[in-house]
Structure formats: structure tokens, C-alpha cells
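Structure, as C-alpha cells:
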Number of protein chains: 2
Amino acid sequence: MRLTTKGRYAVTAMLDLALHEGKGPISLADISERQGISLSYLEQLFAKLRRNDLVHSVRGPGGGYQLKRERGQINVAEVIDAVNESVDATGCQKSGSCQSGEICLTHHLWCDLSEQIHGFLSSISLADLVHRNEVQEVAERQEQRGRVHPEHLIVSSVASAS
Amino acid sequence: MRLTTKGRYAVTAMLDLALHEGKGPISLADISERQGISLSYLEQLFAKLRRNDLVHSVRGPGGGYQLKRERGQINVAEVIDAVNESVDATGCQKSGSCQSGEICLTHHLWCDLSEQIHGFLSSISLADLVHRNEVQEVAERQEQRGRVHPEHLIVSSVASAS
DNA sequence: TTTTTATCCCAGTAAAATGGCCGGATTAAT
DNA sequence: ATTAATCCGGCCATTTTACTGGGATAAAAA
């Protein structure tokens with residue numbers, strides 16, 4: 001089992017989509033800027049999210065991504081599963097052939113742990129996260145930064161002037 | 001957060017020690033054979049386990065390792081922590097500086113998850129595992145294999161004859 | 001006292017995963 | 001036609017994983 005930046009990025013990006021639901025498609029460039037995730041890495045993640053029917057894409061100008069289901073119907077576990085190949089803690093994918101074909105000493109422990117983690121993460125939907133106070137606060141901070149400091153525009157005009 | 005073979009091996013090896021408690025020091029060679037883990041890899045893991053005061057070593061012939069505390073006083077979480085640098089699911093070690101010094105959108109989610117996992121794993125002691133039926137069954141199988149098939153002895157005598 | 005059995009310790013390493021860059025193709029709105 | 005976006009493939013540096021090997025040290029047994 002691994003829960004690294006990959007899964008964390010995926011959930012963060014999906015939550016960003018959930019926060020901006022109803023505003024039409026959201027581009028990866030927007031998510032990249034707000035969440036500080038590289039654009040090309042986002043592309044890879046969203047390829048997997050799309051294959052797993054979690055998002056739906058619109059190409060061309062004004063395009064981007066939208067949640068395929070409403071945000072109450074998407075839970076954190078399936079987002080991580082989509083990019084990570086599952087939150088399984090066993091080494092044998094629960095097959096029980098951990099030690100040269102037979103079951104290892106700690107097999108059941110890892111099965112229990114997997115169930116525990118999956119139970120926890122699948123009980124939390126994107127809608128649940130959206131309604132959290134801390135998430136709302138961080139989201140507002142990110143919105144303001146986007147409006148008040150369009151630095152990249154200034155920088156690019158300066159750059160073209162020099 | 002990562003739970004890979006490393007942490008699984010460490011817990012399996014510690015459980016092996018717990019199962020053979022009271023029989024004097026257990027050598028890593030024995031554990032290696034019973035649990036199918038490479039000897040030199042076990043050495044590395046036990047160096048960390050020793051540094052974290054989980055085992056105590058006896059050098060020389062007849063030597064090996066023993067649990068430093070009784071098996072009811074050692075839980076799974078600290079074993080994994082000892083070899084793995086913690087079961088923390090956040091990317092910022094809970095410091096809250098996930099996104100260029102500030103808190104990221106999903107910070108609290110990963111904190112909650114970490115707490116969930118740690119709570120679960122720290123509630124399970126080696127003694128709890130020893131008393132499980134499935135563990136007892138696997139342990140018996142491993143004992144029998146050791147007694148009935150000393151293949152390595154036969155093979156080495158054949159090898160020296162050829 | 002020599003040999004053997006074990007822990008110690010350090011260095012290296014192949015393979016995989018991570019996190020990302022780049023170039024170009026395709027689609028569609030302006 | 002241009003532009004803005006998704007798509008798609010390959011490439012790449014770095015880190016981690018899981019393991020090998022060599023040798024030093026300690027202590028029991030010969």
C-alpha cells in the first residue's frame with residue numbers, strides 16, 4: 001500500500017473540481033495554479049480519472065473537466081484507487097499466496113487494515129469535504145490569490161517589453 | 001505514507017519472535033528460513049528495531065534476538081514506525097505547510113486518515129496476534145516444515161559429493 | 001587457542017515508482 | 001486561421017525498495 005503525493009494530488013484536484021461545480025468545465029491550468037500541481041502531472045492523473053469514469057472532459061477553448069457524477073456520489077477511496085491501483089495493504093492482493101504460494105503469518109492483519117482504511121475513505125464523499133469549514137477557508141484563500149495577484153500576466157508583459 | 005514489504009516483513013519477524021518467546025534468543029537465520037525473508041535484509045531491519053528499543057540482541061553462538069518488552073506491551077504501529085519513519089499520511093508531517101508554506105486543501109483529511117490508521121494499528125499488540133487462530137495455524141505449519149524437511153542439509157551433502 | 005556461530009556495519013545495486021518535462025496531435029470555439 | 005484546451009507518447013532525474021556481499025566483532029564451543 002502506498003499513499004503518496006500521487007493519491008493526495010488526485011483527491012485535491014477532484015475536490016477543486018467539486019468546489020467549482022456549476023461553473024462549466026474547469027481547465028487543468030486553473031487547477032495547476034490554484035493547487036500548485038504541475039500541469040503535465042495533472043494530465044497523467046486525469047487520464048486515469050477519466051478511464052475510471054470519475055470525470056468527463058470537454059476539449060477545445062473553454063473546455064476542461066467536470067465531475068461525471070454529483071459530488072455526493074464520489075468518495076475519496078475510489079479517487080485514490082483510480083490513480084493508485086487500490087489502497088490494499090496486503091502484498092498478495094488478498095489472494096493469500098504471500099509466502100511461496102501459502103498464506104503468511106500476518107496476512108489477516110493486512111486484510112483487516114485494508115478493510116479499515118477502505119471503510120474510512122469510502123465513507124467520505126467530495127460533498128462532505130466541500131462542506132467542511134477548513135476546506136472552505138483554504139478555498140477562499142485560493143480564490144483571492146487568483147483575483148488579486150495575476151502575476152503571470154504582469155510578468156509576461158514585462159518580459160515581452162524587455 | 002507507505003506500507004510495503006518492509007513494514008510487513010518487520011511485523012512478521014517480530015511476530016515470529018513473539019511466537020518463540022521463552023526459548024532463548026532466536027537467530028535471524030531461523031526467522032529467515034521460517035518466514036522466507038532474506039537474511040541480510042533482516043539484519044538491516046533488526047538494526048532499526050534495536051535502535052528503537054524493540055528487541056535486544058545476544059551475539060555469538062546460540063545468540064540471536066529477543067523482544068525487549070513482553071509481547072503484550074509491543075504494538076504493530078511502533079514496529080512499522082521503527083522501520084518506516086511513521087505511518088503518516090500527510091505530505092508535510094502534519095506541519096501544515098503542504099502548499100508553499102500554507103495549508104493545502106486536503107490537509108485535514110490526511111490528518112484524520114493518519115489518526116485512523118495509527119489508532120487501529122496501535123490497538124493491536126503482538127500478544128493479540130499470537131492468540132489468533134489463523135496465526136496459530138500458520139505457525140504450526142511453519143514448525144512442521146522446519147522439522148520434517150531439512151532439505152538444505154541433504155542438498156549440501158549431495159553438492160559436496162558431486 | 002582456534003574454530004564456529006552469530007550479530008554488526010558499510011557499501012553497492014538492479015528494478016521500480018515518483019514526479020515531472022517536452023513535443024506534438026487532436027478537437028473545437030473565437 | 002488562430003488559439004485554447006485535452007490527449008498521447010516517450011523521456012528523465014531522483015528516490016525508494018529489496019537485496020547482495022564483504023568484512024569486522026563478540027562470544028561460545030572445540
Side-chain angles (χ1 to χ4, degrees), chain A residues 1-13 17 20 23-33 35-52 54-66 68 80 83-86 88 91 98-99 104 152-153 156, chain B residues 1-13 17 23-33 35-52 54-66 68 80 83-86 88 91 98-99 104 152 156:
Chain A
M1 213 216 90
R2 45 204 121 96
L3 181 51
T4 61
T5 328
K6 192 188 233 172
R8 265 178 259 135
Y9 278 176
V11 176
T12 301
L17 279 193
H20 297 88
K23 300 181 186 170
I26 306 294
S27 74
L28 293 188
D30 286 356
I31 300 180
S32 168
E33 204 186 339
Q35 308 306 333
I37 308 172
S38 99
L39 176 59
S40 33
Y41 199 43
L42 278 175
E43 286 183 358
Q44 287 176 46
L45 297 180
F46 273 79
K48 294 187 179 184
L49 294 173
R50 199 172 57 92
R51 267 180 244 130
N52 284 72
L54 291 171
V55 296
H56 138 258
S57 68
V58 179
R59 300 179 71 159
Y65 289 90
Q66 285 172 312
K68 193 143 184 180
I80 296 177
V83 298
N84 243 15
E85 315 274 44
S86 98
D88 187 13
C98 346
Q99 190 183 351
C104 77
H152 56 295
L153 292 177
S156 66
Chain B
M1 208 218 94
R2 45 206 121 96
L3 181 50
T4 60
T5 327
K6 192 189 235 172
R8 266 178 260 135
Y9 278 176
V11 175
T12 302
L17 279 192
K23 299 181 186 171
I26 305 294
S27 75
L28 293 188
D30 286 355
I31 300 179
S32 169
E33 203 186 341
Q35 308 305 334
I37 308 172
S38 105
L39 175 60
S40 29
Y41 199 43
L42 277 175
E43 286 183 359
Q44 289 177 45
L45 297 181
F46 273 79
K48 295 188 179 186
L49 294 173
R50 199 172 58 92
R51 267 180 246 131
N52 284 72
L54 291 171
V55 296
H56 137 258
S57 69
V58 179
R59 299 179 71 159
Y65 289 91
Q66 285 173 312
K68 194 144 185 179
I80 295 177
V83 299
N84 246 15
E85 314 274 44
S86 97
D88 187 14
C98 346
Q99 192 182 348
C104 77
H152 55 295
S156 65

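Remember, it's a predicted structure, so these values are computed and weren't measured experimentally. The figures that follow rest on heavy atoms only: side chains count, while hydrogens, waters and symmetry mates do not. Numbered from 1 within each chain, the chains take letters A, B, ... in sequence-line order.
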>> Roughly what angle, to 10°, lies between the helix axis at the start of the helix from C:dT1-D:dA30 to C:dA25-D:dT6 and the one at its end, five pairs per end?
In response: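 The two end axes of the helix from C:dT1-D:dA30 to C:dA25-D:dT6 meet at 0°.
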>> Restricting to side chain to side chain contact (heavy atoms under 4.5 Å, CB included), what partner residues turn up for B:T5, sequence neighbours left out?
In response: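 Partners of B:T5 under the side chain to side chain contact (heavy atoms under 4.5 Å, CB included) test: B:R8, B:Y9.
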> When you look at B:L42 and B:Y65, which way does the side-chain contact (heavy atoms from CB on, under 4.5 Å) test go after all the steps?
Replying inline: CA-CA 11 Å; B:L42 277 175; B:Y65 289 91; over 6 Å; no
>> Looking at every heavy atom in both B:V83 and B:K48, which two are closest together, and how far apart are they?
In response: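 Shortest heavy-atom separation between B:V83 and B:K48 comes out as O-NZ, 3.5 Å.
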>> Show the nearest heavy-atom pair for residues A:L45 and A:K6, with the distance to one decimal.
In response: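 Minimum heavy-atom contact is CD2-CG, 3.8 Å.
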>> Any non-hydrogen side-chain atom of A:I31 less than 4.5 Å from a side-chain atom of A:L17?
In response: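 Side chain of A:I31 against side chain of A:L17, heavy atoms only: contact under 4.5 Å found.
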>> Between B:K68 and B:L54, is there a side-chain heavy-atom distance shorter than 4.5 Å?
In response: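 A side-chain contact under 4.5 Å is absent here.
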Would you mind reading off the distance between [X] atom [atom1] and [N] atom [atom2], rounded to a whole angstrom?
X     : N      : atom1 : atom2 : result
B:K48 : C:dC8  : NZ    : P     : 16 Å
A:L45 : D:dC7  : CG    : P     : 14 Å
A:F46 : D:dC8  : CZ    : P     : 15 Å
B:D30 : C:dT5  : CG    : P     : 13 Å
A:H56 : C:dT27 : NE2   : P     : 15 Å
A:L42 : D:dC8  : CG    : C1'   : 16 Å
A:E33 : D:dA5  : CD    : C1'   : 16 Å

>> Under 4.0 Å from OP1 or OP2 of C:dC8: is there any side-chain N or O of B:S57 that close?
In response: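 So the side-chain polar atoms of B:S57 do come within 4.0 Å of the phosphate oxygens OP1 or OP2 of C:dC8, strictly under.
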>> For a quick test of reading the model: is some side-chain N or O of A:R50 closer than 4.0 Å to OP1 or OP2 of D:dC7?
In response: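 For D:dC7, OP1 or OP2 has a side-chain N or O of A:R50 closer than 4.0 Å.
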> Is the backbone of B:S38 close enough, under 3.5 Å, to the side chain of B:S32 for a donor and an acceptor to pair up by distance?
Replying inline: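 The answer is no, because no donor-acceptor pair under 3.5 Å joins these two groups.
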> With a non-hydrogen cut-off below 4.0 angstrom, is A:Y65 in contact with a base, only sugar-phosphate, or nothing?
Replying inline: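 It contacts sugar-phosphate atoms only.
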> In Å and rounded to the nearest 0.5 Å, what is the NE2 to CG distance from B:H56 to B:L49?
Replying inline: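 Nearest 0.5 Å value for the NE2-CG distance: 14.5 Å.
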> So how far is it from A:Y41 OH to A:L28 CG, rounded to the nearest 0.5 Å?
Replying inline: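 These two atoms lie 14.0 Å from each other.
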> How does protein reach along nucleotides 15-30 of chain D, written 5' to 3' as B (base within reach of a heavy atom under 4.0 Å), S (only sugar-phosphate), or - (no contact)?
Replying inline: --SBBB----BSBB--
> Between A:G36 and B:G64, which has a closest nucleotide on DNA chain C that is more 5'?
Replying inline: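 Result of the comparison: B:G64.
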